[in-house]
Amino acid sequence: MEYKPLSGREFPRFSQIKTFFRLPWAPITESFDVALLGLPFDGGVSYRPGARFAPTRVREMSSLGRGYHWSRDITLFDRLKVADVGDSSVVPISLEQTYEKIEKFIADILKTQKKTIAVGGDHSTTLPVLRAMRKHYGVPLNFIHFDAHLDTYPAAWDCEYHHGSFARHAVLEGLVDPKNMIQIGLRGPLAGRDDLKFVRDQGIRTYTVDDVREQNINVFVSSLPEFKKGPTYISFDVDCLDPSCAPGTGTPVPGGLTTYEAQKILRGLKIDNLVGADVVEISPAYDLSDLTSLVGVDVMFELLSLMAQKA
Ligand code: MN
Ligand code: MN
């Protein structure tokens, strides 16, 4: 099989069956480098639902995707064989059953020595992915977490697992290494000062929008830690962006990053082995002109580029 996007000259971009980046759909048993997949589950949201519809909409908007990275001077689909492996099976009314299905789907992909980029789903979908990654790699992962929110919150309505608690569980279950974990795009208001206790106790490095903006963006990016040892995972919650850049999300917070700042940060990250990533919390029903889905496509492009750099 040829792992190249369909040509827009032969089939204009509004035509044909929609897969991520117009790449072939392939079973995970085929031989390629990166599996793109959907996690269409939003049973972990506390406010506006709808992220279950993101994988389909992002596939559609990814018809506008291109493969050449201008500032890196690399052609992604020459360096990496990438395919759409479809969506994980989910159970829309059971988070527990969905977690089992996602973890198994990711584990099956990892067994074939592939990297993964997932489109959520709400942020609760990241936890089963990290569980599969931790088991496969045998060590806690380095973790780069883009978000307006800490996602280290306690149980809600007596339910431990929801989109605002996944990062706490990821640390407490030993899936990620808090000493090699950073959070970018954070901002208030918070419910109280206590909200910060977990990240401070764990030694997680946090970067607010003020931290990003206080200096030139290039200076900020060069101040970030490098991830040279061990497997690294990136989780990109689109609400790290300002609602003017990404309105289609479940829990928008004013005063966020611009799309350009997020691009600059993603381009500047120094990672030797990015094994997996996701883009979560895109809620198409709240979107305007598919802006947020298009941002999702752009973030996927930058994530693929980070994988291609070292491939
Ligand atoms: Mn989040
Ligand atoms: Mn968030």
Side-chain angles (χ1 to χ4, degrees), residues 39-52 54-55 58 95 98-99 102 117-131 141 143-156 159-172 175-176 178 181-191 195-196 198-199 202 204-209 211-212 233-259 261-262 265-266 276-284 286-287 292-293 295-296 299 303:
L39 301 173
F41 177 78
D42 59 14
V45 300
S46 53
Y47 192 53
R48 303 198 300 208
R52 68 179 68 179
V58 172
L95 183 141
T98 297
Y99 271 18
I102 292 175
I117 297 179
V119 176
D122 70 55
H123 223 156
S124 72
T125 58
T126 299
L127 192 67
V129 176
L130 291 172
R131 284 175 177 166
L141 284 89
F143 187 43
I144 303 171
H145 174 195
F146 289 85
D147 212 313
H149 309 94
L150 296 154
D151 287 357
T152 55
Y153 287 93
C159 296
E160 267 299 330
Y161 301 103
H162 56 87
H163 71 158
S165 69
F166 93 91
R168 179 172 56 85
H169 288 289
V171 171
L172 293 179
L175 313 180
V176 300
M181 170 172 172
I182 61 175
Q183 296 182 300
I184 305 172
L186 301 167
R187 53 199 185 269
L190 306 176
D195 288 2
L196 291 164
F198 184 82
V199 289
Q202 295 287 338
I204 296 164
R205 279 164 286 183
T206 56
Y207 300 93
T208 63
V209 176
D211 293 328
V212 176
Y233 191 92
I234 297 178
S235 187
F236 192 98
D237 181 334
V238 286
D239 70 30
C240 71
L241 300 173
D242 191 78
S244 61
C245 294
T249 193
T251 324
V253 184
L257 302 174
T258 64
T259 307
E261 284 166 335
I265 296 168
L266 286 166
D278 60 46
V279 186
V280 297
E281 298 283 352
I282 295 168
S283 185
Y286 293 97
D287 210 357
T292 314
S293 292
V295 167
V299 171
L303 294 168

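Positions are given from 1 along the sequence. Just follow the structure's listing: the first ligand is 1, and inside any ligand the first atom is 1.
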Residues 39-48 side chain polar contacts: donor-acceptor under 3.5 Å, at least two apart:
residue: Asp42; atom: OD1; partner: Arg52; partner atom: NE; Å: 2.8
residue: Asp42; atom: OD1; partner: Arg52; partner atom: NH2; Å: 2.9
residue: Asp42; atom: OD2; partner: Gly50; partner atom: N; Å: 2.8
residue: Asp42; atom: OD2; partner: Ala51; partner atom: N; Å: 3.1
residue: Asp42; atom: OD2; partner: Arg52; partner atom: N; Å: 3.1
residue: Asp42; atom: OD2; partner: Arg52; partner atom: NE; Å: 3.3
residue: Ser46; atom: OG; partner: His163; partner atom: NE2; Å: 2.9
residue: Arg48; atom: NE; partner: Thr249; partner atom: O; Å: 3.4
residue: Arg48; atom: NH2; partner: Thr249; partner atom: O; Å: 2.8

Could you grab the distance from atom NE2 of His145 to atom CZ of Arg205, nearest 0.5 Å is fine?
15.5 Å

Across all chains, not counting sequence neighbours, the ring pair (Phe, Tyr, Trp, His ring centres under 6.0 Å) partners of His169 are Tyr161

Hey, what do you get for CD1 (Ile204) to CE (Met181), rounding to the nearest 0.5 Å?
4.0 Å

Who pairs with Ala170 by side-chain contact (heavy atoms from CB on, under 4.5 Å), at least two apart in sequence or on another chain?
Leu127, Leu130, Leu175, Val176

Spatial distance of atom CG (Leu150) from atom CG (Leu186) [nearest 0.5 Å]:
5.5 Å

For a distance under 2.8 Å, give residue and atom name for each protein N, O or S atom next to the Mn ion (ligand 2).
Asp147 OD1, His149 ND1, Asp237 OD2, Asp239 OD1, Asp239 OD2

